[in-house]
Amino acid sequence: MTKLVLFSSIGALGLAASGIGLGPCSKGDDSSKPAASGSAAATAAPASASAAASAAASASAAPSASAAPKKTFEEELAGSKPLDVKTADQTMGADKITAEVCTVEGGPFTHKSNMDVLRSIRAVGDRVLVVDSDGKVRAFKIEAGPKCKLTVDKTFGEAGVAKFENKIDRLSTDSAGNLWATNGVFASYKVDKAGKQVGKCEGRPLGYLHVHPSGKSGIGTFANATVAKVTLDGAGCKTEPWAFQDLSDDAKRKGPITNAQAVGFVGDTVFMGGVLSKKEDPNGSTVVLALDAAGKEKARLGKIDKDYSSKDRFGWVHAISPCKQGVCVLDSNYRRLTAWKTDGKFVADLDLSKLFGLKYPWIADFDRNKTHTYFVAGQDRDGTRVGEGNIYRVTGL
């Protein structure tokens, strides 16, 4: 998934930002078995040319052991069944947290990747806006009633869908509801309520734009690129290096991190996720820095010891937002949300897999309006490679 107008470098870390880590160890690997010796191979050779020919003929006549061809995504989609989701109430400290799957007109969303099926979400007034797998922005109206029901807002874009010059990865809004759609590598676009582009921010450094609630500034981050301070002015912007520069260069680096991740704002405090340099922490842990407007560190959130069972640590920071407890941080690698006081004190954690009733989801983003918190989550349908994306409405945060 910043209000000083920080731009986060996009894609960079597609892998990191998306939280892709080392793959699972393969079981039953035969590579550890010793190879046959040269002498053994020689003695196993056929005694005559005719014998060799006979052996070859026998081999060619044997039935093929090759596996059946894999189904195409379209074939898997046609044969798949929608997820049977049963949410379960959870507690986060002293607070009861409940979730429900929203009924979405035209949903659920599907894609060959459960990480890309729904990429970002913003809740603005009576609308929810999401980024789909094609990098387009979709708008839905929140219908009145006790249940979460979302219908296509046809006043936005073309029949509820807005497409831009470049594919969009993330959305950011200010307190007035102004929307920015950001790509991470190229420009960020200011979008009006009708889904039309009314502004464009580009420059270097840039990255993913995180807009401050004031709408006048932001922070731009992109993996190990220099973090940007962004000043928003009308339909354009000014970008300049902020306090964290040359993150990939040990000799030139400014600041304690080698990688900048998501950004959020609580009042005038900037919260930014990042990976500590080996000089700061030999383990290269991920933390959240609480910063003032000039980038001076006020607090540091997240453990950096080797006790990976503790809940107050991060695998990767995907989104940050104010919440009832202070500030909440989404970590999709660990499938959890953690709550902190703004001074850096850990409050509690929330198991999102259990809350959403999913086995192994990818939760890309979350956002709040005045009444609820909304999440996007993707998971493969049972026995398939079909990623299904849903929108959840959460109460209690």
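Ring pair F164/W180: centre-to-centre distance not below 6.0 Å. Separation of the Y392 and F375 ring centroids does not fall under the 6.0 Å cut-off.
The one candidate from R393, H372, K147 that meets the side-chain hydrogen bond (donor to acceptor under 3.5 Å, both in side chains) condition with E100 is R393. Under the side-chain hydrogen bond (donor to acceptor under 3.5 Å, both in side chains) test applied with K298, the options T269, D343, D292 reduce to a single match, T269.
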Checking side-chain hydrogen bond (donor to acceptor under 3.5 Å, both in side chains) for the pair S285/N283: CA distance, chi angles, key distance, verdict? CA-CA 5 Å; S285 301; N283 297 321; 4.7 Å; no
Decide side chain to side chain contact (heavy atoms under 4.5 Å, CB included) for D169 and V131; before the verdict, give the C-alpha distance in whole Å, the side-chain angles of both, and the deciding distance to 0.1 Å. CA-CA 7 Å; D169 285 315; V131 178; 5.9 Å; no
Is there a side-chain hydrogen bond (donor to acceptor under 3.5 Å, both in side chains) between S120 and D365? Walk through the geometry before answering. CA-CA 5 Å; S120 187; D365 197 11; 2.6 Å; yes
The test is side-chain hydrogen bond (donor to acceptor under 3.5 Å, both in side chains); show your working for T110 and E388 and say whether it passes. CA-CA 5 Å; T110 56; E388 177 179 314; over 6 Å; no
Go through N259 and N224 one step at a time and tell me if the side-chain hydrogen bond (donor to acceptor under 3.5 Å, both in side chains) criterion holds. CA-CA 4 Å; N259 183 294; N224 60 359; over 6 Å; no
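Between K96 and D89, at least one side-chain nitrogen of the basic residue sits less than 4.0 Å from a carboxylate oxygen of the acidic one, meeting the salt-bridge criterion. The pair D153-R138 does not meet the salt-bridge criterion, since no charged nitrogen lies less than 4.0 angstrom from a carboxylate oxygen. Taking the charged nitrogens against the carboxylate oxygens, K278 and D281 have no contact shorter than 4.0 Å, which rules out a salt bridge. The pair E280-R300 counts as a salt bridge, with a side-chain nitrogen and a carboxylate oxygen less than 4.0 angstrom apart.
Side chain to side chain, N166 and Y189 meet the donor-acceptor criterion of an N or O pair below 3.5 Å. One side chain, Q325 or D95, offers a donor N or O that lies under 3.5 Å from an acceptor on the other.
Proximity of R368 to P322: side-chain heavy atoms (C-beta onward) are separated by under 4.5 Å at one or more points.
Closest of all the heavy-atom pairs between I363 and P361 is CD1-CG, 3.7 Å.
For the pair R335 and Y360, the cation-pi test (distance below 6.0 Å, angle within 45°) is passed.
Summarising the geometry, atom SG belonging to C328 is positioned 8.5 Å from atom CG belonging to L350; distances are rounded to the nearest 0.5 Å.
Atom CG of D249 sits in a crowded spot, with more than 12 heavy atoms from other residues, nucleotides or ligands closer than 6.0 Å.
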